Amino acid sequence: MAALVRLQNVTKQYRTPNGTVTAVDAVDLDVEQGEILGVIGYSGAGKSTLVRLINALEKPTDGTVHVGNDELTALPERRVRAVRREIGMIFQQFNLFNSRTVAGNVAYPLKLAGVGQPERDQRVARLLDFVGLLEKAHSFPDQLSGGQKQRVGIARALATDPKLLLADEATSALDPETTADVLALLKRVNRELGITIVVITHEMDVIRTIADRVAVMDNGRIVELGSVYDVFSAPSTPTVARFVATVLHDRPSPETLSRLRAAHPGRLVTVKVLDQKGFTGLLSRVFAEHHVENQIVYGGISELQERSIGALTYELTGPQASVDGALAALTAQGIDYAEERVEDNA
Amino acid sequence: MAALVRLQNVTKQYRTPNGTVTAVDAVDLDVEQGEILGVIGYSGAGKSTLVRLINALEKPTDGTVHVGNDELTALPERRVRAVRREIGMIFQQFNLFNSRTVAGNVAYPLKLAGVGQPERDQRVARLLDFVGLLEKAHSFPDQLSGGQKQRVGIARALATDPKLLLADEATSALDPETTADVLALLKRVNRELGITIVVITHEMDVIRTIADRVAVMDNGRIVELGSVYDVFSAPSTPTVARFVATVLHDRPSPETLSRLRAAHPGRLVTVKVLDQKGFTGLLSRVFAEHHVENQIVYGGISELQERSIGALTYELTGPQASVDGALAALTAQGIDYAEERVEDNA
Amino acid sequence: MNEFISDLPTFYQSIWQTLVIVFVSLIFSGVLGLLIGIVLYGTRPGNLIENRVAYAITNVVVNIVRPVPFIIFVSAIVPLTIRVMGTFIGVRGAVFAISLGAAFAVARIVEQNLVGVDPGVIEAARAMGAGPMRIIFTVLIPEGLGPLILGYTFVFVGLVDMSAQAGAIGGGGLGNFALTYGVQRYNYPAIYITVAVIIVLVQLGQFFGNYLSRKAMRH
Amino acid sequence: MNEFISDLPTFYQSIWQTLVIVFVSLIFSGVLGLLIGIVLYGTRPGNLIENRVAYAITNVVVNIVRPVPFIIFVSAIVPLTIRVMGTFIGVRGAVFAISLGAAFAVARIVEQNLVGVDPGVIEAARAMGAGPMRIIFTVLIPEGLGPLILGYTFVFVGLVDMSAQAGAIGGGGLGNFALTYGVQRYNYPAIYITVAVIIVLVQLGQFFGNYLSRKAMRH
Amino acid sequence: NGSKGAGASGAKTVSIGTSDASDPTWTIYKKLAKEKYNVDIKLVNFSDYSQPNPALAQNQIDLNEFQHIEFLAVYNVTNHQDIQPIGATVTVPLPLYSLKYKSVADLPAGAKVAIPNDQVNQARGLLVLQSAGLVTLKNGGTAFSTVNDITSKKVTIETLDAAQTAPALKNGAVDASIINNNYAVLAKLPTSDVIAKDDPSSEAAQNYVNFFAARKADIHNKLYLELAALYHNPAVEAAALKESGGTAVFSKLTPAQLQAQLKKTEADARAAGIGK
Ligand SMILES: Nc1ncnc2c1ncn2[C@@H]1O[C@H](COP(=O)(O)OP(=O)(O)OP(=O)(O)O)[C@@H](O)[C@H]1O
Ligand SMILES: Nc1ncnc2c1ncn2[C@@H]1O[C@H](COP(=O)(O)OP(=O)(O)OP(=O)(O)O)[C@@H](O)[C@H]1O
Ligand SMILES: [Mg+2]
Ligand SMILES: [Mg+2]
């Protein structure tokens, strides 16, 4: 796979009366042709700025941006425009044309691309049907709900079958079912048409469902980049770990823990699930061998990139020695676990 | 508990050139004093319109709205304003004052409430500190990221310690950690100051974490209303069931299922977790008694209103008769399960 | 009143002249002013076709014409007027001078109204690869149309006033009629009737402008 | 040139008169126009203090003054001018008449610029329990300030032009100087110098207005 | 209205409304008024003819000097005022100029002729054109005729602002132009280009004699009468003659004669239906 987007040492600073803000800080990033790259990070980490640099809505303070074979940062505006026509963008704030109807908004990029009337109408109708807004075709944006606006933005960005799609919180205003539909569509256009997608999100379901790789931003920098499974299963920096933890809910929160404690007098141990055939069976066997009664009280197993991931909190009941023996056996088998004490997660 | 907000037979229609849109349709709803009511529903269901009716930003086409002892729909504008001062609102689209700094935005409702300079400054600083924007105090909204704007909106709505808080997708643009912080704050003001909160969201974590009751809207109507646990554990209408399903991820999706099938030749059975002490231990025992090997391959147990909820998908291996026997035993114990066939979830 | 009756043909002619002057100048100054206004807006620092030099020059030029007394402006452009219109007097000459003069006012109105358009939508169009001209005509103007129409209505009313000045070069019009046949002869009925016609004309225009702008903004 | 030199005292006086007329009228018409403009905006159907009758009346009244030739307007308000200003002629009289006349133009400019303000922020203020007046002065005007300042700059330039009309009632000013001492006497140096001063004055005003509006919009 | 106000030097200030304050004649006049009567003359220049009379009537100024009998008669009759002349100044001819043609007879049919658009000059201009045989006016023409009263014409008439008739002629926009004397002088048009004019010394021209005017109550005011008479001081007359390019005819009519003439013209005006 070749890189479709290549950022080299890209920095973007904003000068404000209260000092300089470094929104993106010396970022190197390749987005491979055909992949779906998820970008996560705290609010204000620089995610939106990063994608705006990709389609040259912002000029970097330093560094170069390549899209395909074009160095965007060196191209004259006219040539940049040609590149942008190949890039769809979904805006965090929607940025719909208030003077155009829903259909008019979606038709606009098609007009730019010179698509003729009959085909345009057809495509607009198909897209609106997909995002469930066919009956709002002649409404104006100020007559739409938040999620409806966002869906118009999605349809508009997809209208011209772009080579690259930049989606800035594309599903943040959508209910789970609509989100699932949109994600399925993104996955489909990615698979079937080979569209490369950069998707900013804070909804981990989005990452889990469609992303191939994930980049974690913190304070303008990309602090972690790798396959979704790798980053989620073995976060390498505390920031990432904290971020991932809030998502997977794999360890009980302090409040949950204190309630579990109250209800379950036995020892509480959270075991990290490995993508390994017969994993929970193995656990059951280990506990049975050591005559320890076990009971799952919290946690879950889910899928990430077609592999299992998760953690289960067991209540282990039995003589202290037996439990310790069982835990020692787990360690011996290379199984990761953590004993839950109330203070632990405080 | 007395109802703080009472909607009686409230309908809101918008007249558009393409016909009349019924955004809210004959809704009766009481919001109890001191509760946190979650409102969920598909995009365009009428959630935003509903809360805008509560603080009289929209006049209902029909029906009455009471807040406290005041019938808002009958009060003159001047009196309505007095009621509004007691209601904080977080807007889906933020609606920040672009001409004011971050601090100026948060100070505005305080000025309206006649809070004097020194106290105002103090409170603004405290609020901004809480939402992590103290260093952006002198920035203007157009210099903020999406999540930062949303946080300003939150701080602004909380500034005057309102009696009632209307939060329209208050965390939709926030990363999970910030979301958790905001939710913790909302919970705290609810507990400590007794502030009643109506929170619209499509993030089920929000509902799970803070809501006491949940209202499900569909097509302008409230199709379900009850304690969060009841609605989630036993949805009464297909719409709600579908909605809840997309949230809990308790049954594997068709894609996941086909992968599970491939990896797990045994029979796959999804068992609904009951909030019952020793539940999984019970399951293990039943399977052991029937000499069925069991292995959890998917699912999870989480907490909802301090009770366990979830589902676990087991792979059961053993002679057909044994497995059938085990399942019969489950049924006998009143345990709900469903056998997963690929076609089932298609 | 009898005197006014004898002036009736002139009065009717004045109505006609006002209509011609106002509408023809509205069209010419509207188009020309729109173009200049777009240059003013577009070349502003930070905007679509940012160009400090062009901005500074346009800014200065636009302000040169407006404050200069009409008669001086008319005299200054006599050669140009004669070349373009064949004469510098009468309605033809007046239309040219007024159009040119008003164009610069229109430019400011256009600039003002475009400045208020949400930068987000411009960004969206840029992201789609639209060029500056395209953005101006298919995004900026439609998005700013409501206030823009009110701006043009403002100009329309201003043109009715300016048309009185056409009298100085034989252009006539209602304003001039009111002055010549009314004020100078202390003929109050003539003044009242003429002013009433002017006001009705203006109200009709304003009414229409308000209607259009409300339609454009849909509320 | 020698002739112009002998007119120098009058020239200086004209500069002074222009400054007085323009700045005093800018302040008066600015404040009055702001108020009327707010009524126009606020009473619009669907707006803060919606009131169809008040809207219709204001709309008509605002359009009555602007298109009426200055002399007729001045004559019509003589009793009022004398009561308020003590005289209806000279700079004092002119300032009053010009302020009043311009106020209605300002009102339209204000209306235009407020119409473009995002309804979302008004809604936010309403939700906080702010009253209409409060919203107008603490939300609407600050939010629309950038274009509004450009609007006032537009009015400023217009006032420089209008100040020439003060000559009709003995008010003087630069524009009138250019006409009386320049055009009518074919004294080209007088025309050029006077027009140059007018243009410089206007450019300074525009420059300042642009600067303020950029500050208000922070780009 | 600082009519009787005393200046720092104890001098009186008299304000005079006019429409040609830029005329250098006034400089000399002011100097003499100060020397002879210790009066500070304050000139108030009105660029619109409709204003000096109301300003005088309403005590905004003390005297005015810009009009002739005809003009004042119309004002008085229509506004029920009684402003009176208190000292004649000059009578100026109203000539028809042409740069292309040497005589009226040379003017081709349909030639463009500009006349001032203000009422008084328009009527007077039309009378000049009628006596030159270029137009005929309804009822033989009066001091109140307008272009609407033209019954037949040999040429095309363009009405322009009085100040624009000279430029229009010089720019070639018209073939001939009725040009007020002051504008003709300022435009440096030589008297040799005059192809027709009315006769200032004729009886009919008496209506076009200019004067100082005062409110009725002031017609015997000694100072005002002296100030009006000051116009005939040789130094002032010399300057005025120079300014008029030698065409001004100084009028010797007494205030009483002027007032009588005004009365007669007012009666004529009423008879013509003015002021109804
Ligand atoms: N001003 C309006 N004019 C016409 N229709 C409107 C208007 N405002 C809202 N609607 C319609 O009313 C319905 C309900 O809108 P509302 O904003 O309440 O939905 P919502 O539940 O908040 O959706 P979301 O989750 O997408 O924000 C939608 O179909 C919307 O298109
Ligand atoms: N125009 C601007 N002027 C000044 N600072 C800016 C500007 N735009 C963005 N910033 C700052 O740059 C930083 C990064 O902003 P960005 O919008 O890229 O964040 P983000 O990661 O998209 O956050 P979110 O998840 O909240 O949308 C923020 O601190 C923001 O305040
Ligand atoms: Mg962002
Ligand atoms: Mg909503």
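Keep in mind the model is a prediction, meaning the values are calculated, not measured. Numbers restart at 1 for each chain; the letters A, B, ... are given by sequence-line order, proteins then strands.
- Neither the backbone nor the side chain of D/Phe73 comes within contact range of chain C; no heavy atoms are under 4.5 Å apart.
- Of the inter-residue distances, the one linking C/Leu148 atom CG with D/Gln112 atom CD reads 8.5 Å to the nearest 0.5 angstrom.
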Where do D/Phe154 and C/Phe154 land on the ring pair (Phe, Tyr, Trp, His ring centres under 6.0 Å) test, with the steps shown first? CA-CA 12 Å; D/Phe154 177 88; C/Phe154 177 89; 5.7 Å; yes

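- In this structure, chain C has heavy atoms under 4.5 Å from both the backbone and the side chain of D/Asn59.
- Heavy atoms of D/Ala178 lying under 4.5 Å from chain C belong to its backbone as well as its side chain.
- A heavy-atom distance below 4.5 Å is not found between the side chains of D/Val62 and C/Gln206.
- For the set D/Asp161, D/Leu114, D/Thr194, the entry with the most heavy-atom pairs within less than 4.5 Å of chain C is D/Asp161.
- Taking CZ from C/Arg44 and CE from D/Met217, the interatomic distance works out to 5.0 Å, rounded to the nearest 0.5 Å.
- By number of non-hydrogen pairs under 4.5 angstrom with chain C, the leading residue of D/Leu150, D/Ile199, D/Val60, D/Asn63 is D/Asn63.
- Heavy atoms closer than 4.5 Å to chain D are found nowhere in C/Ala56, neither backbone nor side chain.
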Walk me through it: do C/Asn210 and D/Tyr55 pass the test side-chain contact (heavy atoms from CB on, under 4.5 Å)? CA-CA 11 Å; C/Asn210 284 350; D/Tyr55 179 64; 3.4 Å; yes

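- Screening D/Leu179, D/Ile191, D/Leu174 for a side chain to side chain contact (heavy atoms under 4.5 Å, CB included) involving C/Pro69 leaves a single residue, D/Leu179.
- Heavy-atom pairs under 4.5 Å with chain C were tallied for D/Val195, D/Ile109, D/Val68, D/Asp118; the largest tally goes to D/Ile109.
- Contacts between D/Ala76 and chain C at a heavy-atom distance below 4.5 Å are absent for every atom of the residue.
- In this structure, D/Thr153 and C/Arg108 have side chains that are not in contact, with every pair of non-hydrogen atoms separated by 4.5 Å or more.
- Side-chain atoms of C/Val202 and D/Arg66, non-hydrogen and from C-beta on, never get closer than 4.5 Å to each other.
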